[in-house]
Number of protein chains: 2
Amino acid sequence: MAEGANGGTEHADIWMRPERPARGPRPAYSRAQITAAAVRIADAEGLEAASMRRIAAEIGTGAMSLYRYVPSRDDLVDLMVDHATAELDLPDRPSGDWRADLTLVAERSRALRLRHPWLCGVERPRGSFGPAQLRLLEFGLGALDLGLPIDDILVLFGLLMGYVDDAAQQELAWREEERRSGLDREAMMGRSGAYVRKLLADGEHPMFARVVKEARQPHMDAEERFRYGLERVLDCIQAGLPAVPDDQRSSRR
Amino acid sequence: MAEGANGGTEHADIWMRPERPARGPRPAYSRAQITAAAVRIADAEGLEAASMRRIAAEIGTGAMSLYRYVPSRDDLVDLMVDHATAELDLPDRPSGDWRADLTLVAERSRALRLRHPWLCGVERPRGSFGPAQLRLLEFGLGALDLGLPIDDILVLFGLLMGYVDDAAQQELAWREEERRSGLDREAMMGRSGAYVRKLLADGEHPMFARVVKEARQPHMDAEERFRYGLERVLDCIQAGLPAVPDDQRSSRR
DNA sequence: AATAACTGGGTACGTCGTACGCGATTACTG
DNA sequence: CAGTAATCGCGTACGACGTACCCAGTTATT
């Protein structure tokens with residue numbers, strides 16, 4: 001098929017390509033330095049503000065210089081994700097109490113996404129697992145390694161991280177809307193947009209109406225609301241685990 | 001703060017803005033026509049190929065003409081999402097058997113994402129709910145309306161759709177890799193990339209190794225694999241529901 | 001018949017990622 | 001120690017992108 005006859009770069013081996021070459025002058029910058037600058041910009045102004053030119057300007061060089069360190073912007077985003085994920089700071093190994101371990105993962109992951117709002121918006125289908133993401137994976141899957149087949153473990157861990165992602169995304173969206181409108185959450189419920197008001201009025205959307213009128217646990221702050229949903233998710237996950245004698249928990253193996 | 005002193009377009013009221021104006025010549029095209037063209041392109045060449053110029057060329061006009069029908073490309077993407085979602089074809093109301101209803105939602109949603117691969121990659125934080133998405137929401141939440149507070153219902157439905165999204169995304173990624181490499185899934189396991197081989201060899205990633213070596217239910221095809229995970233998720237959701245007398249199920253209220 | 005609203009569409013601006021090429025610098029090879 | 005080849009930082013240039021703006025032509029209201 002003459003489809004790129006070269007040996008092939010598999011597809012995304014950023015993590016294999018060595019940072020420093022054997023020959024040539026010493027590089028003036030580093031991948032970590034560039035990645036950190038990119039993260040700094042994305043934190044402050046969003047992911048799309050972290051363009052190659054902008055990042056280069058941040059570290060005081062030309063845009064094309066970055067391509068000496070990173071093959072493409074997409075790969076740089078992969079580096080950014082792993083760079084941020086490295087802040088997670090999880091224990092070396094699961095404690096044996098799966099519920100406590102997953103709670104830890106969930107809460108720190110949420111905090112991470114609130115600290116780096118662009119994390120939720122990264123294109124998903126890139127199967128790029130850097131060292132920090134691998135650590136997270138090892139810890140999370142390891143916590144659930146209680147006799148289930150690996151496929152089931154993956155499903156359960158996916159449910160947890162899916163919840164974390166959704167919850168953080170919602171929280172960020174609300175926060176954004178508060179910032180733009182100047183109103184707090186309580187005040188926004190009444191003053192909703194014309195479209196929402198129409199939907200509430202037409203009587204065709206009872207569940208949506210309940211979401212608008214009843215939801216959001218109005219007496220909880222964001223943290224409490226997250227924990228509440230998290231407990232529900234953990235209960236669900238528990239149902240997928242093999243039964244345990246109920247007293248023999250957190251047994252250090 | 002002098003922050004846009006106008007009355008404000010709330011933020012995304014595509015669904016309120018009337019298609020036809022009162023005065024002026026009859027428009028030559030329609031929102032539906034433009035949206036359909038965009039979906040056609042995105043299906044064949046990906047979401048980013050559906051640029052304003054490309055879409056305009058598809059229907060035989062200039063790029064700027066589209067802005068007579070749609071305020072921005074982001075809004076057009078919202079229209080595309082709802083246009084695709086409208087294919088879902090769900091019953092008018094939940095049947096009373098929540099498990100059957102959610103199974104229906106999950107399988108059709110998966111099929112929809114396989115038919116429109118770009119759906120999984122749409123930027124999430126847009127809280128834009130068109131009529132088709134509202135139908136889906138009403139049906140899904142309604143199926144779970146069994147006495148729980150609305151917040152719990154939202155969490156459970158979120159878990160389900162999160163699973164569907166993840167599973168579809170994974171399936172699409174594998175399909176893409178098969179297409180590019182020419183190998184089938186079975187053959188790819190051994191011939192994995194250098195990075196994966198390194199991770200397997202270093203012994204530091206036991207769970208990742210299990211994922212690579214044991215997962216994917218090698219004896220199942222994609223459909224079976226999806227259903228298998230789906231049953232796990234539904235079991236989990238069941239645990240979050242109020243207990244039922246075990247025999248009194250699918251009782252038509 | 002006059003007017004105001006709207007049409008399709010061309011041109012132009014500022015942004016993006018990045019292919020390519022340059023002269024200078026450095027490490028390996030003889 | 002000279003020669004060579006790799007790699008450096010970085011400027012220029014190209015082809016996309018979304019869309020602001022302007023225009024002459026068309027139509028429903030006055």
Side-chain angles (χ1 to χ4, degrees), chain A residues 4 6 9 11-12 14 17-35 37-38 41-42 45-80 118 121-123 126 128, chain B residues 4 6 9 12 14 17-35 37-38 41-42 45-80 118 121-123 126:
Chain A
N6 60 347
T9 43
H11 91 285
I14 277 291
R17 175 175 314 214
E19 163 123 37
R20 283 293 312 280
R23 293 242 265 271
R26 305 188 75 260
Y29 315 103
S30 72
R31 249 181 225 175
Q33 191 183 157
I34 292 170
T35 307
I41 296 170
E45 309 172 42
L47 184 58
E48 63 199 14
S51 66
M52 299 305 267
R53 289 171 227 263
R54 185 87 173 63
I55 298 166
E58 174 90 4
I59 63 176
T61 183
M64 290 315 291
S65 300
L66 303 185
Y67 287 93
R68 295 284 173 196
Y69 301 85
V70 161
S72 77
R73 181 174 186 268
D74 283 348
D75 290 288
L76 179 52
V77 173
D78 287 344
L79 289 175
M80 291 170 66
W118 48 272
V122 179
E123 282 283 353
R126 299 187 64 79
S128 168
Chain B
N6 59 346
T9 43
I14 274 292
R17 174 174 315 215
E19 164 124 37
R20 283 292 312 281
R23 292 240 267 271
R26 306 187 75 259
Y29 315 103
S30 72
R31 250 181 224 174
Q33 191 183 157
I34 292 170
T35 307
I41 295 170
E45 308 172 43
L47 185 59
E48 63 199 14
S51 66
M52 298 306 266
R53 289 170 227 265
R54 185 86 173 64
I55 297 166
E58 174 89 5
I59 63 176
T61 183
M64 289 315 291
S65 300
L66 303 184
Y67 286 93
R68 296 286 171 195
Y69 301 85
V70 161
S72 77
R73 180 172 187 269
D74 284 348
D75 290 286
L76 179 52
V77 173
D78 287 344
L79 289 175
M80 290 170 66
W118 48 272
V122 179
E123 282 282 356
R126 300 187 64 78

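Labels below follow one simple rule: chain letters A, B, ... track the order of the sequence lines, proteins then strands, and each chain is numbered from 1.
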Could you give the [atom1]-to-[atom2] distance, from [X] to [N], as a whole number of Å?
{"X": "I34(A)", "N": "dC8(D)", "atom1": "CD1", "atom2": "P", "value": "11 Å"}
{"X": "D75(B)", "N": "dG18(D)", "atom1": "CG", "atom2": "P", "value": "13 Å"}
{"X": "R26(A)", "N": "dA6(D)", "atom1": "CZ", "atom2": "C1'", "value": "16 Å"}
{"X": "L66(A)", "N": "dG11(D)", "atom1": "CG", "atom2": "P", "value": "12 Å"}
{"X": "Y29(B)", "N": "dG8(C)", "atom1": "OH", "atom2": "P", "value": "7 Å"}
{"X": "E48(B)", "N": "dG17(C)", "atom1": "CD", "atom2": "P", "value": "13 Å"}
{"X": "L76(A)", "N": "dG17(C)", "atom1": "CG", "atom2": "P", "value": "10 Å"}
{"X": "R54(A)", "N": "dG14(C)", "atom1": "CZ", "atom2": "C1'", "value": "16 Å"}

More than 12 heavy atoms of other groups within 6.0 Å of E48(B) CD: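 It does not: E48(B) CD has 12 such atoms or fewer within range.
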
Among [options], find the nucleotide with the atom closest to the side chain of [X].
{"X": "M64(A)", "options": "dG11(D), dT19(D), dA27(C)", "answer": "dG11(D)"}
{"X": "M52(B)", "options": "dC28(C), dG8(C), dT19(D)", "answer": "dT19(D)"}
{"X": "S51(B)", "options": "dC6(C), dC17(D), dT26(C)", "answer": "dC17(D)"}
{"X": "R53(B)", "options": "dT19(D), dT7(D), dT27(D)", "answer": "dT19(D)"}
{"X": "R68(A)", "options": "dC17(D), dA27(C), dG21(C)", "answer": "dG21(C)"}

Students often get this wrong, so: under 4.0 angstrom with heavy atoms, is [X] touching a base, only sugar-phosphate, or nothing?
{"X": "R73(B)", "value": "sugar-phosphate"}
{"X": "S65(B)", "value": "base"}
{"X": "Y67(A)", "value": "base"}

Within-4.5 Å side-chain heavy-atom neighbours: L76(A) and I55(A):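 Yes, at least one pair of side-chain atoms sits under 4.5 Å.
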
Close side-chain approach of T35(A) and V70(A), heavy atoms under 4.5 Å: no

Only pairs under 3.5 Å count here: list side-chain donor-acceptor contacts from residues 24-33 of chain B, not counting sequence neighbours, and write none if there are none.
unit_1, atom_1, unit_2, atom_2, d
S30(B), OG, Q33(B), N, 3.0
R31(B), NE, Y69(B), O, 3.0
R31(B), NH1, R17(B), O, 3.3
R31(B), NH2, R17(B), O, 3.4

Shortest non-hydrogen contact from M80(A) toward W118(A):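 For M80(A) versus W118(A), the nearest heavy atoms are O-CH2, 3.6 Å.
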
